[in-house]
Amino acid sequence: MATASPMASQLKSSFTSPSTSRALLPKGLSGSPLRPFSSRRAPSPFSIKAVLPEKPTYQVIQPINGDPFIGSLETPITSSPLIAWFLSNLPAYRTAVNPLLRGIEVGLAHGFLLVGPFVKTGPLRDTDIAGPAGSLAAGGLIVILSICLTMYGVASFNEGEPSIAPTLTLTGRTKEPDQLQTADGWAKFTGGFFFGGISGVIWAYFLLYVLNLPYFVK
C-alpha cells in the first residue's frame, strides 16, 4: 500500500481541522469573516404607509374637457369666464364678422399705436420733424406688414378651395367654417388691414400735430 506524501498529508489535515469552519481571509485584508447568506431579512423597525388626505385634492390644471388627446390644458387663466369673453371678442375669433371688417379693426389698432414709438424713439426724435418722420415710419411698417400678410395668404391658401378652419368646437358643437381661412377671405383681411393701418396712422398724426392739443407727452 502506497503512503501519501508529506505535502498531501499536510493538506488533508488542514482541511479536516476545526479551523476550516471559519471563513478564511486573504492575506493582507482584515475584517470579520464572511457569514453564510440567509434569505430571511430582519424586520425593519420603520414602515411606510400611504396616508389618505383629510380633504380631497382638486387638480387645478387638467386636460380640456377631460380629454388628454386634444393636446390642450384647462387652467384658471385660460378657462376663466373673463379670459374666454375677452378672447372671443378679438377680431381673429369673431368668425361671424366679415374678414374685411376684421382686418380694418386690426389695422386701425396697429396704425394708431405705432406712431408714438417711432416718434419718441426714432432717429429724428430730437428734431422739429419728429412727428412727420415717426408717422411716415409707422406707415412704412404698415406697408411691410401688409406685404407679409399677402405673402402668407399666397403660400397658405389656394384660390377656390373651401375653408380649412375646423367645423367643430372643442365641446363638439358644429359651427360654420371661418371664411378668413380661405384665399378670398385672407385677401379681404389683408386689404382691410392696410386700409385700417394707414387710417390709424393718419388719425394719430391728426390728433397729435394738427389739432395740437396740450398732451402731457407729445
To check you understand the geometry: which heavy-atom pair defines the closest contact between [X] and [Y], and what is its length?
| X | Y | value |
| --- | --- | --- |
| W85 | N89 | O-ND2, 2.6 Å |
| E74 | P63 | OE1-O, 4.0 Å |
| L124 | T127 | O-OG1, 2.7 Å |

Flag yes if [X] and [Y] sit in one hydrophobic cluster, no otherwise; membership is Ile, Leu, Val, Met, Phe, Trp, Tyr, and two members link when side-chain heavy atoms are under 4.5 Å apart.
| X | Y | value |
| --- | --- | --- |
| I147 | F195 | no |
| V115 | F112 | yes |
| V97 | Y93 | no |
| L145 | L149 | yes |
| W186 | I144 | no |

Is there a side-chain contact between [X] and [Y] in this structure, where contact means two heavy atoms from C-beta onward sitting under 4.5 Å apart?
| X | Y | value |
| --- | --- | --- |
| R125 | K120 | no |
| F189 | V106 | yes |
| L87 | L90 | yes |

Determine the interplanar angle of the Y205 and Y209 rings, folded into 0 to 90°, and report it as parallel if under 30°, tilted if 30 to 60°, perpendicular if over 60°.
-> tilted
Whether F157 and Y152 hold their rings parallel, tilted or perpendicular, with breakpoints at 30° and 60° = perpendicular
Neighbour count above 12 (heavy atom, 6.0 Å) for D128 CG |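 Result for CG/D128: open.
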In this structure, are over 12 heavy atoms from other groups packed under 6.0 Å from I77 atom CD1?
-> no
Interatomic distance, [X] atom [atom1] to [Y] atom [atom2] [nearest 0.5 angstrom]:
| X | Y | atom1 | atom2 | result |
| --- | --- | --- | --- | --- |
| K188 | L180 | NZ | CG | 11.0 Å |
| L141 | L136 | CG | CG | 13.0 Å |
| L108 | I198 | CG | CD1 | 11.0 Å |

Please answer whether the main-chain N or O of A92 pairs with a side-chain N or O of R102 as donor and acceptor at a distance below 3.5 Å.
->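 A pair under 3.5 Å: yes.
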Is there a donor-acceptor pair under 3.5 Å between the side chain of T95 and the backbone N or O of D178?
->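 The answer is no, because no donor-acceptor pair under 3.5 Å joins these two groups.
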Residue of the set P91, P99, S146 for which side-chain contact (heavy atoms from CB on, under 4.5 Å) holds with F193 =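 Filter result, single survivor: S146.
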